[in-house]
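A quick write-up on the structure given underneath.
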Amino acid sequence: KAGVTQTPRYLIKTRGQQVTLSCSPISGHRSVSWYQQTPGQGLQFLFEYFSETQRNKGNFPGRFSGRQFSNSRSEMNVSTLELGDSALYLCASSLRGGNTGNTIYFGEGSWLTVV
Amino acid sequence: KNEVEQSPQNLTAQEGEFITINCSYSVGISALHWLQQHPGGGIVSLFMLSSGKKKHGRLIATINIQEKHSSLHITASHPRDSAVYICAVISNTGNQFYFGTGTSLTVIP
């Protein structure tokens, strides 16, 4: 079956713009989580959605938001982009969540460069 | 303050060597994951542990909940094992994910 699909894979944005990233989970998975990875901070948890509801949230400013649709696809949005938002954004899906004993499956990520 | 500490940060081994990567954490957890990341970004979940020990091929992962410590072992290492290995824990309060900074492993033929 198809894996976790993230689009776009690469994008360049200008400071002050906003960006929307998309994640299609593995069929049947209801938990989708988002992560930011930078050379300086490593991997950091953004948020998790389960059945269209945000279940957990990391320590990121309100400029970072997300949502999940009824088909479990998820989007994350970053408004008023800053240079420091340049990162690899990873999405992962699992049946019910990484704390429930389920394996989590990662997408290839979206590389965002803010100039 | 890092909730998850990994050691070593970098590791170079000869093909065939036995490798150990350590992970210590400071929060109460509901689960611990070992992840593998190859150049280019793709991450694969190797193990999910909440107790004891798991084995998959040449990989073995153990966890000691009382000591808040986990180890990932690779037996008979191979150049294709070269990757960054990341320890991640899920706290049992708030279900937050915390990540180690990763161990960069290079296996030389």
Side-chain angles (χ1 to χ4, degrees), chain A residues 3-11 21 23 25-26 29 31-50 53-60 86-113, chain B residues 1-10 21 23 25 27-56 59 61 63 65 70 83-104:
Chain A
V4 179
T5 303
Q6 289 189 246
T7 57
R9 289 295 319 279
Y10 304 92
L11 66 166
L21 308 177
C23 173
I26 292 172
H29 286 192
S31 168
V32 174
S33 50
W34 289 90
Y35 308 87
Q36 181 197 65
Q37 187 175 36
T38 60
Q41 299 293 323
L43 266 168
Q44 293 181 278
F45 171 70
L46 280 157
F47 29 65
E48 183 208 6
Y49 286 87
F50 182 82
T53 301
Q54 187 180 88
R55 188 158 68 172
N56 298 301
K57 188 177 187 305
N59 296 321
F60 277 81
S86 295
L88 175 64
Y89 290 88
L90 289 155
C91 158
S93 78
S94 65
L95 281 170
R96 295 185 306 276
N99 63 329
T100 58
N102 298 153
T103 299
I104 51 178
Y105 297 86
F106 285 82
E108 293 294 313
S110 293
W111 289 92
L112 170 65
T113 301
Chain B
K1 156 175 102 72
N2 291 330
E3 288 80 1
V4 181
E5 299 281 354
Q6 277 185 244
S7 64
Q9 281 192 313
N10 297 285
I21 300 170
C23 173
Y25 52 91
V27 297
I29 69 169
S30 57
L32 180 146
H33 292 258
W34 279 103
L35 310 174
Q36 180 193 55
Q37 185 171 31
H38 281 283
I43 293 180
V44 173
S45 176
L46 298 173
F47 294 102
M48 194 289 298
L49 294 162
S50 54
S51 65
K53 175 179 174 178
K54 286 189 177 179
K55 184 176 189 290
H56 184 255
L59 302 178
I63 188 168
I65 296 294
S70 176
V84 175
Y85 293 83
I86 301 167
C87 172
V89 303
I90 304 174
S91 68
N92 56 14
T93 55
N95 287 328
Q96 288 282 318
F97 258 100
Y98 297 103
F99 296 90
T101 52
T103 295
S104 179

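Note: hydrogens, waters and symmetry copies are ignored here, and every other heavy atom, side chains too, is used. Within every chain, numbering begins at 1; the chains are lettered A, B, ... in the order of the sequence lines, protein sequences first and strands thereafter.
- With chain B as partner, the option from F106(A), Y105(A), W111(A) having the largest number of non-hydrogen pairs under 4.5 angstrom is F106(A).
- Interface remark: I86(B) contributes side-chain atoms only to the contact with chain A (heavy atom separation under 4.5 Å).
- Interface remark: Q44(A) contributes backbone atoms only to the contact with chain B (heavy atom separation under 4.5 Å).
- Using a 4.5 Å cut-off on side-chain heavy atoms (C-beta onward), I90(B) and E48(A) make no contact.
- Between M48(B) atom CE and S94(A) atom OG the span is 10.5 Å, to the nearest 0.5 Å.
- The contact between L88(A) and chain B is made entirely by side chain atoms (from C-beta outward), counting heavy-atom distances below 4.5 Å.
- Note that the CG atom of L43(A) and the OH atom of Y98(B) stand 14.5 Å from one another [nearest 0.5 Å].
- Below 30°, between 30° and 60°, or above 60°: for Y35(A) and F99(B) the angle between ring planes is above 60°, a perpendicular geometry.
- The part of L35(B) that comes within reach of chain A is its side chain, from C-beta onward, which places non-hydrogen atoms under 4.5 angstrom from that chain.
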